[in-house]
Amino acid sequence: MRFGFGIAVVVVFLAAFTSVPVTAAEIMTLKASEGRFKVTFYPDYFLFLKGLDASGIKTAWVDKEYYAVLDLHEGPEAGQSVIVTLKRSSDRSPQPEWCKTEGGENFSGLGITCLKGDEDFTEQLRFKVTAKYADSAANLPAELQNRTWAEYPEMPGRREFEVLGSFDFHIVLN
């Protein structure tokens, strides 16, 4: 009887301990005034965020695959969210990276390659991401789970030249 009770206590303790990272997550939120998804080869996308203050955002810090949630506030998918994971940073491709890539206000022009240059190249913050399905929500902390999920092939930003309205980009840091 004591042996069974001891095993039950250990199981409960381990179950509680393994759930700590999901419920006690540190989340960084970036509030973009607009942005864009550009597909490279599904499920991989470039995500561009505009309207951020470059002075407080560190670049080239993504050292592992982090989960993130995009909450859309405007456009046809307003009220929906998308789950992605961030690609790791490398010497050749820092994550994230400030860019001047697509011709300014209209997101037209120079494509997906970040141009290097002066300090004024901070109009867009680019992340390389991998789109996830809604069942990945189980890997998110509790405060990011209750969403209306949009997923491939109905992801926002997949229509040609579609610019996303304002959105929040929540990155789960642990």
Exercise for the section: Can you see which heavy atom on A134 is nearest to which on W149, and at what distance? Expected result: CB-CB, 3.7 Å

Fill in the blank from the handout: When every non-hydrogen atom of F37 is compared with those of L70, the smallest separation belongs to CE1-CD2, 3.6 Å

Practice task
Mind jotting down which residue pairs meet the salt bridge (charged side-chain N to carboxylate O under 4.0 Å, His left out) criterion with at least one end in residues 133-142? Sequence neighbours excluded, please.
Solution key: none

Problem - Closest approach of A131 to V84 (non-hydrogen atoms, all atoms of both residues) - result: CA-CG1, 4.1 Å

Exercise for the section: Test L52 against W98 for side chain to side chain contact (heavy atoms under 4.5 Å, CB included), laying out the working first. Expected result: CA-CA 10 Å; L52 303 173; W98 285 107; 3.8 Å; yes

Exercise for the section: Can you measure from OH (Y66) to CD (Q95) and round to the nearest 0.5 angstrom? Expected result: 11.5 Å

Handout entry: Straight-line distance of C99 SG to L49 CG, nearest 0.5 Å
Key = 10.5 Å

Handout entry: Rounded distance [0.5 Å steps], CD in E154 versus CD in Q80
Key = 9.0 Å

Practice task
Identify the two heavy atoms, one from T59 and one from P96, that lie closest to each other, and give their separation to 0.1 Å.
Solution key: CB-O, 3.3 Å

Exercise for the section: Look at the side chain of S33 and the backbone N and O of K50, then say whether any donor-acceptor pair between them is shorter than 3.5 Å. Expected result: yes

Exercise for the section: Would you confirm whether E77, through its side chain, and A150, through its main-chain N or O, come within 3.5 Å as a donor-acceptor pair? Expected result: no

Practice task
For side chain to side chain contact (heavy atoms under 4.5 Å, CB included), just list the numbers for L125 and I57, CA-CA rounded to whole Å, side-chain angles, deciding distance to a tenth of an Å, and then say yes or no.
Solution key: CA-CA 9 Å; L125 185 63; I57 297 176; 3.9 Å; yes

Exercise for the section: Scan for salt bridge (charged side-chain N to carboxylate O under 4.0 Å, His left out) pairs involving residues 164-174, sequence neighbours excluded, and state none if there are none. Expected result: K31-D168

Practice task
Using salt bridge (Lys or Arg N to Asp or Glu O under 4.0 Å) as the criterion, list what pairs up with K87, not counting sequence neighbours.
Solution key: D44

Practice task
Find out whether S89 and D63 are in side-chain contact, i.e. whether some heavy atom of one side chain is under 4.5 Å from a heavy atom of the other.
Solution key: no

Exercise for the section: Taking all non-hydrogen atoms of both residues into account, name the closest pair between R88 and E65 and its distance. Expected result: CG-N, 4.2 Å

Practice task
Would you please say whether a donor-acceptor pair under 3.5 Å links the side chains of H73 and S166?
Solution key: no

Problem - Sequence-distant partners of T85, side chain to side chain donor-acceptor pair (under 3.5 Å), two or more places apart - result: none

Practice task
Go through the structure and list residues passing side chain to side chain donor-acceptor pair (under 3.5 Å) with S81, not counting sequence neighbours.
Solution key: D71

Practice task
Please tell me if the side chains of P153 and Y42 come closer than 4.5 Å, counting only heavy atoms from C-beta onward.
Solution key: no

Problem - Heavy-atom check, side chain of V69 versus side chain of R147, under 4.5 Å - result: yes

Practice task
List the atom of Y133, the atom of I83, and the distance in Å for their closest heavy-atom pair.
Solution key: O-CD1, 3.9 Å

Fill in the blank from the handout: NZ of K64 to CG of N174, rounded to nearest 0.5 Å, is 7.0 Å

Problem - 4.5 Å side-chain heavy-atom contact, Y45 and M155 - result: yes

Fill in the blank from the handout: Between the CD atom in Q124 and the CD atom in E34, the distance rounded to the nearest 0.5 Å is 8.5 Å

Handout entry: Nearest-0.5 Å distance, CG of residue L173 to CE of residue M28
Key = 4.5 Å

Practice task
Flag the pair L144 / I27 as yes when at least one side-chain heavy-atom distance between them is below 4.5 Å, and no otherwise.
Solution key: yes

Problem - Sequence-distant partners of D91, side chain to side chain donor-acceptor pair (under 3.5 Å), two or more places apart - result: none

Problem - Atom CG of N146: over 12 foreign heavy atoms under 6.0 Å - result: no

Handout entry: Name of the residue among Y67, F127, F48 meeting ring pair (Phe, Tyr, Trp, His ring centres under 6.0 Å) with F169
Key = F127

